[in-house]
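Worksheet for the structure shown next.
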Amino acid sequence: MIDTVIKADNVTKSYGNLKAVKNLSFQVEKSACFGMLGPNGAGKTTMSRMLYGNALRDNSGKSAINVFGYDPGYNELQIKALAGIVPQENNLDLELSVEQNLFIYSRFYGLRKREISKRIDELLNFMELTEKKKSKIRDLSGGMKRRLIIARALINRPKLLILDEPTTGLDPQVRNLIWDKLRKLQREGVTIILTTHYMEEAFQLCTRLIIMNLGEKILEGRPAQLLKKHIEPYVLEIFNQEKPVTFHDNRNIRIEGTESRYLLYSNELETLKRIVTDYNPGDVYIRQSNLEDLFLKTTGRHLNE
Ligand code: ATP
């Protein structure tokens with residue numbers, strides 16, 4: 001039997017005249033890593049905040065959110081007891097040490113003192129921060145702060161972890177470490193909600209995702225399936241064109257481009273290789289298409305504009 005952890009139906013959120021989220025519906029199954037991928041302003045943060053009652057959806061008869069059987073509009077505390085939240089901003093207490101930040105949080109959940117110190121050690125070990133236990137927050141790197149916030153979100157052994165842009169601005173090494181930890185948690189049965197504008201992060205982690213733009217869902221599915229279904233598998237990138245190239249033949253290619261960079265999409269790798277040989281267009285790179293290409297195809301925009 002499939003357990004549904006989250007069900008959102010026709011959810012809309014307005015800020016004055018702006019509709020930050022428009023008629024969004026989706027379901028998340030237990031142990032999934034469910035992604036919301038989209039550029040700045042797509043409505044990802046707003047949607048994720050509505051899941052734990054931090055923002056309220058517009059009131060309308062046909063709209064509903066159900067998280068573990070609770071409506072976050074009314075049962076915020078019940079959901080927070082079962083969930084861990086990693087907000088977009090690093091909101092640690094700068095005056096306190098690593099250990100003290102975790103201690104204060106654990107008291108919110110009513111953990112007993114003996115239990116707390118064991119749990120703190122476990123979490124610091126899990127996020128590879130044991131050596132920083134006594135350090136002040138201001139002495140941590142950006143990546144360490146992010147790892148500590150994830151450790152803090154895990155203090156109550158949540159069944160659901162909601163992460164808003166967990167690796168934005170971090171170097172690839174820390175990003176990979178965080179991805180490994182999230183995969184491990186997912187394998188242990190934790191359901192993960194991840195908002196991100198990094199297509200690589202979504203592709204690496206998400207078992208299912210929605211692609212969002214301007215508050216709306218554009219596409220939904222498994223990352224690899226979305227690519228297979230909606231976009232040509234190969235791309236030829238042409239950089240720094242001094243003058244635009246005109247392709248005089250009909251080779252079944254789709255072209256997206258700006259003055260300095262063309263993207264030629266094809267179902268056949270050979271077609272792209274032949275174009276390189278025939279036109280010798282300068283600096284080129286042939287690769288597989290990705291979620292960024294899919295976003296560009298469906299919206300005409302880049303994810304990281
Ligand atoms: P980012 O990655 O930049 O956080 P996002 O996809 O998470 O983007 P949201 O933060 O949900 O997008 O914002 C969606 C829209 O709602 C934006 O136009 C934003 O300016 C607006 N918005 C978000 N929060 C508020 C608020 N508290 N008051 C007014 N407008 C808001």
Side-chain angles (χ1 to χ4, degrees), residues 2-30 32-89 91 108 149 153 158-166 168 191-199 201-202 206-221 226 291 294-295 298-305:
I2 296 168
D3 284 338
T4 303
V5 170
I6 296 174
K7 194 165 186 303
D9 285 310
N10 295 302
V11 175
T12 295
K13 171 73 184 173
S14 309
Y15 293 111
N17 290 331
L18 175 87
K19 282 196 171 14
V21 172
K22 296 176 201 163
N23 251 329
L24 197 56
S25 299
F26 58 88
Q27 286 194 28
V28 182
E29 288 161 14
K30 185 176 179 298
C33 177
F34 184 85
M36 296 187 222
L37 174 69
N40 288 341
K44 311 178 297 291
T45 298
T46 304
M47 186 60 237
S48 69
R49 289 175 55 217
M50 283 192 279
L51 294 177
Y52 57 93
N54 201 267
L56 290 179
R57 66 184 182 276
D58 291 359
N59 218 341
S60 101
K62 58 182 185 144
S63 132
I65 305 180
N66 182 315
V67 182
F68 295 117
Y70 297 109
D71 179 339
Y74 298 95
N75 307 112
E76 188 185 340
L77 287 180
Q78 283 88 336
I79 293 172
K80 280 189 177 149
L82 295 166
I85 315 294
V86 175
Q88 200 170 99
E89 68 285 0
N91 58 354
F108 295 148
I149 288 181
K159 294 182 179 2
L160 171 68
L161 185 61
I162 300 177
L163 304 114
D164 194 354
E165 305 276 359
T168 295
T191 307
I192 295 178
I193 303 288
L194 175 76
T195 84
T196 184
H197 60 268
Y198 286 133
M199 58 97 191
E201 181 159 87
C206 296
T207 51
R208 191 172 183 80
L209 57 82
I210 53 177
I211 298 183
M212 292 177 69
N213 188 36
L214 300 173
E216 288 178 305
K217 176 165 76 175
I218 308 291
L219 287 171
E220 175 171 1
L226 287 176
L291 292 170
L294 181 56
F295 189 79
T298 45
T299 67
R301 298 176 65 195
H302 289 277
L303 272 172
N304 297 300
E305 271 173 354

Does the side-chain contact (heavy atoms from CB on, under 4.5 Å) test come out yes or no for L214 and R301, once each step is laid out? CA-CA 11 Å; L214 300 173; R301 298 176 65 195; 4.0 Å; yes

Going from [atom1] on [X] to [atom2] on [Y], what distance comes out if it is rounded to the nearest 0.5 angstrom?
X    : Y    : atom1 : atom2 : result
D164 : T46  : CG    : OG1   : 9.0 Å
I210 : L226 : CD1   : CG    : 11.0 Å
L294 : L219 : CG    : CG    : 5.5 Å

In this structure, are over 12 heavy atoms from other groups packed under 6.0 Å from K159 atom NZ? no

K44 side chain vs M212 backbone, donor-acceptor pair below 3.5 Å: no

Can any side-chain N or O of T207 pair as donor or acceptor with the backbone N or O of C33 at less than 3.5 Å? yes

Residue pair [X] / [Y]: nearest heavy atoms and the distance that separates them:
X    : Y    : answer
N10  : S25  : N-OG, 2.8 Å
A153 : P158 : O-CG, 3.4 Å
C206 : F34  : SG-C, 4.3 Å
T191 : E29  : CG2-O, 3.6 Å

Salt bridge (charged side-chain N to carboxylate O under 4.0 Å, His left out) partners of K19, counting only residues at least two apart: none

Testing V67, L56, I65 one by one against M50 for a side chain to side chain contact (heavy atoms under 4.5 Å, CB included), which residue passes?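 Exactly one candidate clears the test, I65.
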
Any heavy-atom pair between the side chains of [Y] and [X] that's under 4.5 Å?
X    : Y    : value
K13  : V11  : no
T195 : E165 : yes
I149 : P87  : yes
I211 : T299 : no
L209 : M199 : no
Y198 : T168 : yes

Given the rule in the side-chain contact (heavy atoms from CB on, under 4.5 Å) test, do K80 and F108 qualify, once you have shown the distances and angles that lead to the verdict? CA-CA 11 Å; K80 280 189 177 149; F108 295 148; over 6 Å; no

Return each pair, listed once, that meets salt bridge (charged side-chain N to carboxylate O under 4.0 Å, His left out) where at least one residue sits in residues 46-66; pairs must be two or more places apart or across chains. R57-D71

One pair to check against side-chain contact (heavy atoms from CB on, under 4.5 Å): L37 and F295. What are the steps and the verdict? CA-CA 9 Å; L37 174 69; F295 189 79; 6.0 Å; no

Under the criterion side-chain contact (heavy atoms from CB on, under 4.5 Å), I'd like the reasoning laid out for L160 against V28: C-alpha separation, chi angles, the key distance, then a yes or no. CA-CA 11 Å; L160 171 68; V28 182; 5.9 Å; no

